Amino acid sequence: MSSPRRADYFTMKLFGGPVLVVKAVDSLHSEFRAVDNLVVCNTNRVLKAFQNARVGSHHFGGCTGYGHDEAGGRGALDQAFAKIFGAESAIVRHRSYNILICQQFFSDTHAITCALFALLRTGDELLAVAGAPYDTLEEVLGKRESGGLGSLQDFGVKYREVPLAEDGGLDWNALMSAVKPKTKCALIQRSCGYSWRRSLSVNEIGRAIKIIKKQKPSCSVMVDNCYGEFVESIEPPMVGADLIAGSLIKNPGGTIAPCGGYIAGKKKCVEAAAARLSAPGLGVDCGSTPGDIMRAFFQGLFLSSQMVGEAIKAIQLGSHERLLAFCEAVQRSSPVGSYTKPVAGATPGYASEVIFADGTFIDGSTSELSCDGPLREPFTVFCQGGTHWTQWGLVL
């Protein structure tokens with residue numbers, strides 16, 4: 001076994017000799033310990049949900065066509081998700097190319113869209129209470145022109161925002177009187193998205209829900225939970241959210257799920273979202289799950305608490321050149337496609353040019369190791385993942 005001094009020597013050699021990185025690691029002992037404690041808490045929550053759903057190896061098998069001969073894995077996975085997130089019900093689905101039944105999510109934007117269309121009807125109003133939503137939702141809402149392809153605005157749903165307060169948090173005073181008679185649903189984005197602000201805590205979300213429900217008890221509250229899963233020991237349904245949605249190739253996929261998304265919350269709301277995903281009357285008990293994808297979903301979910309413990313950073317670089325240089329460094333340190341150079345460009349769903357760096361085994365699985373940022377002031381890069389913090393040491 002190497003001596004501590006010898007280990008320090010190898011650490012410095014591994015990171016190319018930058019003593020600053022080693023010193024930074026030493027200074028972060030208390031923060032790392034706090035993250036480990038959170039991981040233990042959330043892993044225990046996931047483990048109990050798996051045990052409660054009686055997950056077995058027979059749940060990992062696939063099915064074809066309508067999926068009527070599915071061996072129970074779909075139901076067990078839905079049950080586990082609901083238990084983990086403190087929800088009455090959940091649907092967890094992957095992308096499928098079955099043209100008969102396409103009851104599948106392929107991204108968080110897709111899952112969120114199904115949830116919003118499930119809750120809103122012509123003449124209703126959607127109220128975003130955490131400022132502007134993430135770029136990819138702008139065309140869904142009709143905030144940015146969708147070309148008549150079926151945004152909420154195209155279907156007669158009005159949209160309004162409550163801007164954030166000067167400190168980047170929710171504007172509590174404005175929220176006190178924000179809900180109007182036509183407001184049918186309030187949307188809360190938990191993560192910062194591309195905004196330079198801290199993400200919302202679950203307690204803050206719970207406080208906002210109480211304020212909204214006090215003004216109009218029948219107003220549904222939908223939480224965009226993407227990048228928020230397992231960051232804390234509780235989730236939005238535990239503080240009153242009617243519906244949450246997110247992506248399986250982000251936090252809850254544990255870097256293993258190859259695709260998919262989820263919706264969880266009140267049973268009636270989940271059933272309505274399932275009807276938007278497939279068709280009214282089909283419910284949630286259909287849709288194929290080919291191959292061994294169910295094993296990847298279960299295993300990814302089990303590992304997700306640990307993977308989230310390694311993630312989430314943001315850096316303000318201040319210039320176009322520095323943003324590009326940082327992303328190039330991330331790409332060079334990736335296990336897949338390290339020889340490529342990331343180039344900023346137009347991306348479907350985004351309002352401005354964006355640069356992405358991700359040498360991931362699963363396309364879009366940002367938790368593996370990635371960073372991205374829009375080419376606009378103040379040139380902030382948002383860093384995700386790394387299956388262990390040492391990957392970021394190598395990048396730096």
Side-chain angles (χ1 to χ4, degrees), residues 42 46 60 62 73-74 77-78 80-81 84-85 90-97 102-115 134-137 140 189-191 193-194 199 223-231 235 244-264 277 287 289-313 330-331 334-337 342 347-350 354 356-372 382-388 391:
N42 285 333
V46 173
F60 303 159
R74 183 170 53 223
L77 185 61
D78 289 349
F81 253 83
I84 290 165
F85 289 99
I91 51 173
V92 186
R93 298 294 181 267
H94 71 287
R95 185 175 186 177
S96 173
Y97 296 98
C102 189
Q103 191 193 10
Q104 321 295 349
F105 296 125
F106 62 85
S107 71
D108 53 317
T109 300
H110 184 198
I112 293 165
T113 299
C114 285
Y134 190 66
D135 288 37
T136 56
L137 280 177
V140 174
Q189 181 174 294
R190 183 175 173 182
S191 81
Y194 277 156
S199 296
V223 177
D224 173 356
N225 207 38
C226 194
Y227 288 115
E229 305 93 346
F230 303 109
V231 172
E235 298 288 342
I244 62 172
S247 169
L248 294 187
I249 58 172
K250 304 300 189 290
N251 294 14
T255 76
I256 291 179
C259 54
Y262 74 91
I263 288 176
L277 178 61
T289 51
D292 67 346
I293 196 170
M294 293 304 293
R295 180 202 58 77
F297 284 167
F298 279 107
Q299 189 175 8
L301 179 59
F302 182 73
L303 293 174
S304 56
S305 299
Q306 177 187 338
M307 294 300 103
V308 172
E310 304 293 337
I312 312 174
K313 305 157 192 75
V330 171
Q331 192 68 48
S334 297
V336 180
T347 303
Y350 292 85
V354 182
F356 299 89
D358 56 353
T360 57
F361 292 93
I362 294 168
D363 184 26
S365 179
T366 52
S367 294
E368 292 182 44
L369 178 70
S370 70
C371 71
D372 57 275
F382 296 84
C383 312
Q384 291 88 219
T387 51
H388 193 266
Q391 284 188 272

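All values reported here derive from a predicted model rather than from experimental measurement.
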* Full working for side chain to side chain contact (heavy atoms under 4.5 Å, CB included) between Asn42 and Ser304 -> CA-CA 9 Å; Asn42 285 333; Ser304 56; over 6 Å; no
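- Evaluation of the side-chain contact (heavy atoms from CB on, under 4.5 Å) rule for Thr360 yields Asp358, Glu368 as partners, not counting sequence neighbours.
- Side-chain atoms of Thr366 and Phe382, non-hydrogen and from C-beta on, never get closer than 4.5 Å to each other.
- Residue His388 holds its NE2 atom at 9.0 Å from CE of Met307, rounded to the nearest 0.5 Å.
- Under the side-chain contact (heavy atoms from CB on, under 4.5 Å) criterion, Ala90 pairs with Phe81, Ala82, Ala264, sequence neighbours left out.
- At least one side-chain heavy atom of Met294 sits less than 4.5 Å from a side-chain heavy atom of Phe297.
- Here Asp78 pairs with Arg93 under the salt bridge (charged side-chain N to carboxylate O under 4.0 Å, His left out) rule; sequence neighbours left out.
- A donor-acceptor pair is defined here as one N or O able to donate and one able to accept, closer than 3.5 Å; no such pair exists between the side chain of Asp108 and the backbone of Cys226.
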* Just do the side chain to side chain contact (heavy atoms under 4.5 Å, CB included) check on Ile84 and Phe230 with the steps written out, would you? => CA-CA 10 Å; Ile84 290 165; Phe230 303 109; 3.7 Å; yes
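- Judged by distance alone, the side chains of Tyr262 and Asn225 do bring a donor and an acceptor atom under 3.5 Å apart.
- For the pair Gln299/Phe60, no side-chain contact is recorded, criterion being any heavy-atom separation below 4.5 Å from C-beta on.
- In this view, Asp372 satisfies the salt bridge (charged side-chain N to carboxylate O under 4.0 Å, His left out) rule with no residue, not counting sequence neighbours.
- For Tyr134, the ring pair (Phe, Tyr, Trp, His ring centres under 6.0 Å) criterion is met by Tyr194, Tyr350, not counting sequence neighbours.
- With sequence neighbours excluded, the residues satisfying side-chain contact (heavy atoms from CB on, under 4.5 Å) with Ser367 are Asn251, Thr255.
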